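It should be emphasised that the depicted structure is a prediction, and the values quoted were computed from it without experimental measurement. All values below come from the heavy atoms of this structure, side chains included, with hydrogens, waters and symmetry mates left out.
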Amino acid sequence: MRERRSCLEKLALRNSLARETLSEFFGTCLLVTFTCCSIATAVLNYGSSGGTLGATVGCSLAVTMAIYASGGVSGGHVNPAVSFAMSMTGKLPWVKLPFYITAQFLGAITGSAAVFGVYYDALMAYSGGVFRVTGPNATAQIFATYPSPYLSTLNGLVDQMMSTALLLMLIFAIFDKKNMPAPKGLEPVAVGLLILTLALSLGSNCGAAMNPARDLGPRIFTALAGWGPEVFTAGGSFWWIPVVGPMLGAVIGSYIYILCIDIHHKKEPDHEMDPDHFEKHELANMTEKPKTRC
């Protein structure tokens with residue numbers, strides 16, 4: 001038993017940035033796995049397994065589970081737009097941002113591969129062995145979002161900016177200790193309900209991606225796995241909108257909350273601040289000092 005524990009201890013990462021990077025990879029992988037599996041269940045069963053509503057609920061719960069899995073280590077951002085907003089508002093050091101985003105994209109691609117593997121036979125049966133991006137037997141939408149036929153490029157960009165701005169506004173509210181924060185330990189549930197609300201209210205135009213890694217990572221995987229370059233040209237080359245829109249919207253939403261709510265809180269007396277106050281960048285615990293530090 002001691003030998004086994006000793007071996008496991010040797011595998012433990014000592015560097016805090018390495019731990020956070022691995023945590024973001026793991027959390028995003030879980031997010032994409034659960035999300036795409038939920039959509040695959042609805043699509044490949046011709047809507048008989050819960051349909052769009054079932055997929056929407058599954059995607060929302062996926063966010064909750066991903067934050068529970070990684071929130072205590074890295075904050076459970078699992079979204080480059082969230083990490084970017086945290087850096088823009090001073091809650092995440094800029095030096096850590098490239099590591100977070102790289103881990104999130106790699107996690108998303110890995111999760112896509114897992115979904116492809118577990119649903120391979122179903123995909124082949126549904127598509128007749130031809131993976132299509134558009135048409136009645138299209139399956140690319142299992143992995144990434146695509147616009148409705150009526151949606152213009154500008155409208156799609158505004159959609160992604162607005163939905164992600166609302167996401168960040170409410171994330172800041174959920175974790176604002178001076179406002180009405182969610183009960184400790186239930187923050188991921190509140191975020192999941194927020195995702196459900198946004199998906200139900202703003203999912204019609206282009207699927208409410210709000211997450212560049214969740215959309216572009218699987219899209220890259222599908223391009224390599226048999227769907228081809230059409231995943232980037234479909235919908236008038238829609239692919240960049242769920243990447244750029246959320247990054248812009250996240251910053252806008254963060255500063256709207258700060259300007260409308262955060263800066264107007266009653267100031268408390270200054271206390272001596274622990275220099276490691278923001279060492280652990282948890283969404284679920286943004287204002288508390290870390291438990292450990294290397």
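- Closest heavy-atom contact between T33 and C29: OG1-O, 2.7 Å.
- Side chain of S127 to backbone of N137: no donor-acceptor contact under 3.5 angstrom is found.
- Remark: L166 CG to L170 CG distance equals 7.0 Å, nearest 0.5 Å.
- Remark: F238 CZ is packed, more than 12 non-hydrogen atoms of other residues, nucleotides or ligands lying under 6.0 Å away.
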Take M124 and F131 through the test side chain to side chain contact (heavy atoms under 4.5 Å, CB included) and record every step on the way to the result. CA-CA 8 Å; M124 294 297 287; F131 297 149; 3.7 Å; yes

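- Between the side chain of S60 and the main chain of L196, a donor-acceptor pair closer than 3.5 Å is present.
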Which is it for N179 and Y257 under the side chain to side chain donor-acceptor pair (under 3.5 Å) test, yes or no, and what are the steps along the way? CA-CA 11 Å; N179 199 337; Y257 184 82; 2.9 Å; yes

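- Looking at V32 and V115, their side chains never come closer than 4.5 Å, going by heavy atoms from C-beta outward.
- Under the 4.5 Å side-chain heavy-atom criterion for Ile, Leu, Val, Met, Phe, Trp and Tyr, V82 and W94 are members of the same hydrophobic cluster.
- Inter-residue side-chain proximity for V251 and F84 is flagged as met; some heavy-atom pair is nearer than 4.5 Å.
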Passes side chain to side chain contact (heavy atoms under 4.5 Å, CB included), N79 versus R214? Steps please. CA-CA 7 Å; N79 185 338; R214 175 262 173 274; over 6 Å; no

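- The environment of Y255 atom OH is dense: over 12 non-hydrogen atoms of other residues, nucleotides or ligands sit within 6.0 angstrom.
- Summarising the geometry of V231 relative to W227, their closest heavy-atom pair is CG1-CB, 3.7 Å, with the distance given to 0.1 Å.
- For F105, the CZ atom counts as densely surrounded, since its 6.0 Å shell holds more than 12 non-hydrogen atoms of other residues, nucleotides or ligands.
- Using a 4.5 Å heavy-atom threshold, the side chains of V243 and Q160 count as separate.
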CA sep, side-chain torsions, deciding dist, call: T145, D215, side chain to side chain donor-acceptor pair (under 3.5 Å): CA-CA 7 Å; T145 60; D215 198 86; 2.5 Å; yes

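- Side-chain contact between T134 and Y146 is absent, with no heavy atoms from C-beta onward closer than 4.5 Å.
- Looking only at side-chain heavy atoms (C-beta outward), S112 and T222 stay at 4.5 Å or farther from each other.
- Under the 3.5 Å distance criterion, with hydrogens and angles disregarded, no donor-acceptor pair is assigned to the side chains of Y150 and N155.
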Please walk me through it: do Y119 and T41 pass side chain to side chain donor-acceptor pair (under 3.5 Å)? CA-CA 9 Å; Y119 276 106; T41 299; 2.9 Å; yes

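- Between P80 and N211, the closest side-chain pair of non-hydrogen atoms falls below 4.5 Å.
- In terms of heavy atoms, E24 sits closest to H77 at OE2-N, 3.1 Å.
- Within a 6.0 Å sphere centred on CE of M162, other residues, nucleotides and ligands contribute 12 heavy atoms or fewer.
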What verdict does the side chain to side chain donor-acceptor pair (under 3.5 Å) test give for W239 and T233, after you've listed the backbone C-alpha separation in whole Å, the side-chain angles of each residue and the deciding distance to 0.1 Å? CA-CA 7 Å; W239 70 270; T233 59; over 6 Å; no

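- When hydrophobic clusters are built by joining Ile, Leu, Val, Met, Phe, Trp and Tyr residues whose side-chain heavy atoms come closer than 4.5 Å, directly or via intermediates, I263 is grouped together with I171.
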Step-by-step side chain to side chain contact (heavy atoms under 4.5 Å, CB included) determination, V191 to T64: CA-CA 7 Å; V191 175; T64 295; 5.8 Å; no

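- Heavy atoms only, all atoms of each residue included: P242 and R219 are closest at CG-NH2, 4.3 Å.
- With contacts defined as side-chain heavy-atom distances shorter than 4.5 Å, the pair M161/I252 qualifies.
- Residues F232 and L216 are in side-chain contact: their nearest non-hydrogen atoms beyond the backbone lie under 4.5 Å apart.
- A donor-acceptor pair is defined here as one N or O able to donate and one able to accept, closer than 3.5 Å; such a pair exists between the side chain of R19 and the backbone of R14.
- Nearest heavy atoms, F172 versus S254: CE1-OG, 3.6 Å.
- Considering all non-hydrogen atoms of both residues, G217 and A108 come closest at CA-CB, 4.2 Å.
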For I142 and L123, what are the C-alpha separation, side-chain angles and deciding distance, and is it a side chain to side chain contact (heavy atoms under 4.5 Å, CB included)? CA-CA 10 Å; I142 290 173; L123 284 165; 3.8 Å; yes

